[in-house]
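Report on the structure given below.
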Amino acid sequence: MVEAQTWTTRRMSNPRLDSTAAADHQVLDIPVTPTADVRNSIYTVGSHLSPNLLTALIIASWFTSNIGVLLLNKYLLSFYGFRYPIFLTMLHMISCASYSYIAINFLEIVPRQHILSRKQFLKIFALSAIFCFSVVCGNTSLRYIPVSFNQAIGATTPFFTAIFAFLITCKKESAEVYFALMPVVFGIVLASNSEPLFNLFGFLVCIGSVAGRALKSVVQGILLTSEAEKLHSMNLLLYMAPMAAMILLPFTLYIEGNVARVTIEKARSDSFIVFLLLGNATVAYLVNLTNFLVTKHTSALTLQVLGNAKAAVAAFVSVMIFRNPVTVMGVSGFAVTIMGVVLYSEAKKRSKVTTF
């Protein structure tokens, strides 16, 4: 605290400081201005934790949510007998819309952004349609193929991204980047030929999921290019998720028309299904939230590296839990694919440095 200071005011003049003023003059107590550290400690969530510990907890949460949603989807669709991937995806979208609304409007994790025009709305709707296709295909594939094989195929996303970038935007990469994609393709061919539980339909829809994910990233870079139309990832999820749910609703009713009746009957006989569905939908949102937090507290490059590590960890954990058979050739193919993804990331990084 500072000592009370006395101000003497003359008529038609500004106040002046008079240290010897009489006691009956007005006394103004000037509080101490808090330092930046104090202010930040008041408003920053988790400020009582050290930065390194906070980052470690966020990364651990990222791994848990990303691997958890895969294992829960696999358990529900393959082992529990809940064979409704479109309805499950719609629940994910409803969950993401609800939690995003709370996180942005009440918790104020990020500032709220608004859709400014009909043109921007249609662009986001187009992204939502691609998003739906990718997620539904990914969830459907888990009914037919193991998580480990699913993750091996998912690691080929850079290959499809490079193809769509060339076909849609005519963007050419350096020869080093294209060369790095060769082991990505070779590894998945090797893993596919030696997968004991290979299923053609599961393989094809998983390829569709990966292609849809790559297409969304390319189209998003084209459609939301202007500064006025760019949305933060959490705001984009806030608008995409309800659109995706509306897109999926008619498909759910047409293809999985009895899903509501079956779910209610299962809930009556086994209330655990309610916990599974609610937990699964919540973890699906946490995947998006932790993606944002990892990028905020580290970098986009760190998120990319973690993505490569996640594929290997998820494959290992799924084999330990579900006991699906694996072969040496399959593991080797997966390893070659991951190595190709790492080489691709490094080649892209060098390419950007050379360009700038």
- Query: Would you say the side-chain atoms of Gln113 and Lys230 include a donor-acceptor pair closer than 3.5 Å?
  - Reply: no
- Would you call Lys349 and Glu346 a salt bridge, using N to O less than 4.0 angstrom? yes
- Task: Only counting residues at least two apart or in another chain, list the ones meeting side-chain hydrogen bond (donor to acceptor under 3.5 Å, both in side chains) with Ser100.
- Result: none
- Query: Does Met234 share a hydrophobic cluster with Trp62, counting links as ILVMFWY side-chain heavy atoms below 4.5 Å and allowing steps through other members?
  - Reply: yes
- List the steps, then state whether side-chain contact (heavy atoms from CB on, under 4.5 Å) holds for Val219 with Ile130. CA-CA 9 Å; Val219 172; Ile130 301 172; 4.1 Å; yes
- Task: Check whether any side-chain heavy atom of Thr337 sits under 4.5 Å from a side-chain heavy atom of Ile153, and report yes or no.
- Result: no
- NE2 (His232) and CG (Leu238) are apart, to the nearest 0.5 Å, by 12.0 Å
- Message: Could you measure the distance from the OG atom of Ser318 to the OH atom of Tyr75? Nearest 0.5 Å is fine.
- Response: 16.0 Å
- Query: Hey, does the side chain of Asp270 reach the backbone of Lys266 with a donor-acceptor pair shorter than 3.5 angstrom?
  - Reply: no
- Parallel, tilted or perpendicular: rings of Phe201 and Tyr144 (30°, 60°): perpendicular
- Query: Linking Ile, Leu, Val, Met, Phe, Trp and Tyr through side-chain heavy atoms less than 4.5 Å apart, which residues share a cluster with Met182?
  - Reply: Phe179
- Task: Any salt bridge (Lys or Arg N to Asp or Glu O under 4.0 Å) involving residues 169-188? Give me the pairs, sequence neighbours left out, ordered by first then second residue.
- Result: Lys171-Glu173, Glu173-Lys348, Glu176-Arg350
- Hey, is CZ on Phe316 packed in by over 12 heavy atoms from elsewhere, all under 6.0 Å? no
- Task: For Asn235 and Pro111, indicate whether the former's side chain and the latter's backbone hold a donor-acceptor pair under 3.5 Å.
- Result: yes
- Message: Between Thr161 and Val218, is there a side-chain heavy-atom distance shorter than 4.5 Å?
- Response: yes
- Report yes if some heavy atom in the side chain of Phe160 is under 4.5 Å from a heavy atom in the side chain of Leu215; otherwise report no. no
- Item | side-chain contact (heavy atoms from CB on, under 4.5 Å) evaluation trace for Thr156 with Val185 | CA-CA 7 Å; Thr156 62; Val185 178; over 6 Å; no
- Is Val331 reachable from Val336 through a run of I, L, V, M, F, W or Y residues, each pair having side-chain heavy atoms under 4.5 Å apart? no
- Atom CZ of Phe322 and atom CG of Leu197: how far apart are they, to the nearest 0.5 Å? 12.5 Å
- Message: Count I, L, V, M, F, W, Y as connected when their side-chain heavy atoms are under 4.5 Å apart, and connections chain through other members. Are Phe149 and Met339 then in the same cluster?
- Response: no
- Evaluate the side-chain proximity of Thr252 to Thr89: yes if any heavy-atom separation is below 4.5 Å, no if none is. no
- Item | Where His92 and Ala281 come nearest, the two heavy atoms and their spacing | CD2-CA, 3.9 Å
- Task: Taking all heavy atoms of Ala314 and all of Gln151, pick out the closest pair and write down the distance.
- Result: CB-CG, 4.0 Å
- Is there a donor-acceptor pair closer than 3.5 Å between any side-chain N or O of Ser128 and the backbone N or O of Ile124? yes
- Phe63 with Leu72, same ILVMFWY side-chain cluster at under 4.5 Å: yes
- Among side-chain atoms of Asn324 and Ser148, is any donor-acceptor pair under 3.5 angstrom? yes
- How about Phe82 and Leu277: do any of their side-chain heavy atoms sit closer than 4.5 Å? yes
- Does CZ belonging to Phe133 count more than 12 external heavy atoms closer than 6.0 Å? no
- Task: Compare all side-chain heavy atoms of Phe159 with those of Val210 and state whether any distance is below 4.5 angstrom.
- Result: no
- Message: Is any side-chain heavy atom of Met90 closer than 4.5 Å to one of Phe251?
- Response: no
- Exercise: identify the closest heavy-atom pair between Ser194 and Leu190: OG-O, 2.9 Å
- Task: Could you tell me the separation between the CG atom of Leu248 and the CG atom of Leu253, rounded to the nearest 0.5 Å?
- Result: 10.5 Å
- Neighbour count >12 (heavy atoms, 6.0 Å) for atom CZ, Phe198: yes
- Task: Please lay out, stage by stage, how Gln120 and Leu231 fare under the test side-chain contact (heavy atoms from CB on, under 4.5 Å).
- Result: CA-CA 10 Å; Gln120 187 183 18; Leu231 292 176; 3.9 Å; yes
- Query: Where the side chain of Lys216 meets the backbone of Ala129, is there a donor-acceptor pair that is under 3.5 Å apart?
  - Reply: no
- Query: What is the minimum heavy-atom distance between Gly202 and Val205, and which atoms define it?
  - Reply: O-CG2, 3.3 Å
- Ile188 side, atom CD1; Glu195 side, atom CD - distance, nearest 0.5 Å: 9.5 Å
- What do you reckon, is OH of Tyr254 surrounded by more than 12 foreign heavy atoms closer than 6.0 Å? no
- Task: Tell me, yes or no, whether the heavy-atom count around Phe125 atom CZ, taken from other residues, nucleotides or ligands under 6.0 Å, exceeds 12.
- Result: no
- Message: Grouping I, L, V, M, F, W and Y whenever their side-chain heavy atoms are under 4.5 Å apart, do Ile273 and Ile264 come out in a common cluster?
- Response: no
- Message: Run the side-chain contact (heavy atoms from CB on, under 4.5 Å) test on Phe292 and Val110 for me, step by step, so that the C-alpha distance in whole Å, both residues' side-chain angles and the decisive distance to 0.1 Å come before the verdict.
- Response: CA-CA 10 Å; Phe292 157 67; Val110 295; 3.6 Å; yes
- Message: Quick one: does any side-chain atom of Ser209 pair with a main-chain N or O of Cys137 as donor and acceptor, under 3.5 Å?
- Response: no
- Message: Keeping Asn280 on the side-chain end and Leu276 on the backbone end, is there a donor-acceptor pair under 3.5 Å?
- Response: no
- Taking Ser134 for its side chain and Phe131 for its backbone only, find out whether a donor-acceptor pair lies under 3.5 Å. no
- Item | Nearest atoms (heavy-atom pairs only) where Ser217 meets Ala214 | OG-O, 2.7 Å
- Output for pair (Asn139 CG, Cys206 SG), nearest 0.5 Å, gives 10.5 Å
- Note on the structure: When every non-hydrogen atom of Gly68 is compared with those of Val283, the smallest separation belongs to C-CG1, 4.3 Å
- Minimum side-chain heavy-atom gap Val326-Phe334 below 4.5 Å: no
